[in-house]
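The block underneath contains the structure these notes are about, expressed in structure tokens.
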Amino acid sequence: MLERAAFSQSANSSQAACGPASKSFVPDASIKVDQGLLKSVGAAAWPHAGQSPVPAAAAFNATDVLIRSPDAHEQAVTPLLSPQHRTVPFNNPTQALDFETPLFKGKVVVMMKGMASTPAGVFDGKRRLMWMAIQGRFKQPGVSFDGLCLGSEFSRPLKLPAGALLSKASMWLVSKMGSGVQLDTSGPTPHILAPLIAAAQVVNVSKPGQEPNMLDVEEDMTAFDAGLVGSWSGKALSGAKRRALFGGKAARQGRWFDTEHVWTFQVYDHVCDYGSFLLPIPFFKVDLVQVLDGQPMQLLLKDTASGSNMLKLEA
């Protein structure tokens, strides 16, 4: 990671300008740091005066990754490891992060593979590199199946590889995200977003007070729609069949997440290695420190219709 820091420092120095800072809100674009650069230069040497503070290099001694909740006035979270830097705990299956946004109130657990803090046995026999579980209730009606998306958004252009490699990487990413992917890798605000209802590996809907363990939950949406069962078995659709069904835009149309039930989502990432910031595309690896130009990776759930975030974390 440290070998790549020089690239990030140079790139960020040439693109230090960002939107004016608000006294009551820190724009997402204010954090332009990756952990490799931070380790090598330390917070005191960080060149972007006036931007949000970043943790000192010593903060990374216990782990190669920090996760933060960037939107202080749109996303309340408990607990905060550092109120100043808004870092939050992860890799602890017994400690969920409570959060609330205008769209959703609930809790989230994030776990990442291959780190000193990774719980023993959690990833045994599993291909996933990241595991995120969210459970709670929507606070307002009108959040549609088609509009609520999982993915990442970035505040400035990416440093992209050669065209042929980019084309192969883009097609591969789309195939991993499922149907309905919105992908823009060349614009001023790049993004990759896919409908959560088609991208999540597990979706469970339950009555309040009857919600399952969020880390040990079975696919079942019949409390929301009794018709979401197999035509022969009469049992709840499997996750694979639900993803296939709602991968089609027509099936998502006219459906909204309700506010009466408790919704549990599990999302796995088999692609990105958050510990190394490498994206292993077939036959080569993409260096995300360079491609993202020092921007953090995201765990983002966003209602694209309203522009509001259900959950946003940065790694």
Side-chain angles (χ1 to χ4, degrees), residues 1 35 62-67 88-97 106-136 150-152 169 172-179 181 192 194-206 211-222 228-230 233 235-247 262-288 297-301 311 313 315:
M1 184 70 73
Q35 67 263 37
T63 177
D64 287 335
V65 173
L66 293 180
I67 296 181
V88 299
F90 73 105
N91 266 351
N92 186 345
T94 66
Q95 182 181 33
L97 177 70
K107 55 187 178 179
V108 58
V109 172
V110 178
M111 290 183 288
M112 296 179 178
K113 187 176 183 178
M115 302 181 188
S117 60
T118 303
V122 168
F123 289 94
D124 288 355
K126 299 177 174 65
R127 294 188 299 112
R128 67 195 72 158
L129 301 174
M130 186 279 296
W131 182 3
M132 179 168 66
I134 307 108
Q135 185 176 80
L150 164 72
S152 295
W172 186 76
L173 275 175
V174 167
S175 72
K176 293 297 181 182
M177 291 288 286
S179 303
V181 175
I192 179 167
L196 177 63
I197 196 67
Q201 278 77 8
V202 177
V203 179
N204 180 281
V205 186
S206 57
E211 53 267 31
N213 182 324
M214 62 193 297
L215 294 177
D216 185 18
V217 56
E218 295 183 355
E219 177 81 24
D220 191 343
M221 290 184 61
T222 55
L228 292 175
V229 296
S233 68
K235 297 180 180 179
L237 287 180
S238 66
K241 290 183 177 179
R242 181 258 310 158
R243 296 179 73 187
L245 172 65
F246 292 115
V262 175
W263 291 77
T264 304
F265 304 94
Q266 286 199 4
V267 175
Y268 315 147
D269 190 338
H270 301 94
V271 177
C272 292
D273 186 335
Y274 290 78
S276 67
F277 265 46
L278 292 175
L279 180 67
I281 302 298
F283 306 114
F284 66 98
K285 292 183 178 181
V286 175
D287 185 340
L288 292 174
M297 295 172 69
Q298 293 182 4
L299 303 173
L300 175 67
L301 298 176
L311 172 68
L313 300 173

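Remark: the backbone N or O of Met112 is paired with a side-chain donor or acceptor of Thr118 at under 3.5 angstrom. Looking at Gln201, its side chain does come within 3.5 Å of a backbone N or O of Tyr268 through a donor-acceptor pair. Looking at Arg128, its side chain never comes within 3.5 Å of a backbone N or O of Asp269 through a donor-acceptor pair.
Looking only at side-chain heavy atoms (C-beta outward), Met297 and Ser152 stay at 4.5 Å or farther from each other. Side chains of Val110 and Trp131 form no contact here, defined as non-hydrogen atoms less than 4.5 Å apart. Residues Pro212 and Glu218 form no side-chain contact, since every pair of their non-hydrogen atoms from C-beta on lies 4.5 Å or further apart. A heavy-atom distance below 4.5 Å is not found between the side chains of Phe265 and Val202. At least one side-chain heavy atom of Met111 sits under 4.5 Å from a side-chain heavy atom of Leu215. A heavy-atom distance below 4.5 Å is not found between the side chains of Phe246 and Lys241. Between Leu311 and Met132, some side-chain heavy-atom pair lies under the 4.5 Å cut-off.
The salt bridge (Lys or Arg N to Asp or Glu O under 4.0 Å) test applied to Glu219 returns Arg242, not counting sequence neighbours. The side-chain contact (heavy atoms from CB on, under 4.5 Å) search around Leu245 returns Leu228, Leu237, Ala251, not counting sequence neighbours. Annotation: side-chain contact (heavy atoms from CB on, under 4.5 Å) contacts of Leu97 (sequence neighbours excluded): Val77, Pro79, Val88, Pro89, Val108, Leu313. For Ser233, the side chain to side chain donor-acceptor pair (under 3.5 Å) criterion is met by no residue, not counting sequence neighbours. By the side chain to side chain donor-acceptor pair (under 3.5 Å) test, Gln135 is found to be paired with Thr264, residues two or more places apart in sequence or in another chain being considered. For Ser238, there are no side chain to side chain donor-acceptor pair (under 3.5 Å) partners two or more places apart in sequence or in a different chain. Applying the side-chain contact (heavy atoms from CB on, under 4.5 Å) criterion to Asp216, with sequence neighbours excluded, gives Asn213. In this structure Asp220 satisfies the side-chain contact (heavy atoms from CB on, under 4.5 Å) test together with Asn204, Thr222, Ala236, sequence neighbours excluded.
Between Ile67 and Phe90, the closest heavy-atom pair is CD1-CG, 3.6 Å. The heavy-atom pair separating Val109 from Met214 by the smallest distance is N-CE, 4.1 Å.
With values rounded to the nearest 0.5 angstrom, Leu299 atom CG is found 8.5 Å from Leu150 atom CG.
Around atom NZ of Lys126, more than 12 heavy atoms belonging to other residues, nucleotides or ligands sit under 6.0 Å away.
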Using side-chain contact (heavy atoms from CB on, under 4.5 Å), reason through Leu196 and Leu301 one step at a time and then give a plain yes or no. CA-CA 8 Å; Leu196 177 63; Leu301 298 176; 3.9 Å; yes
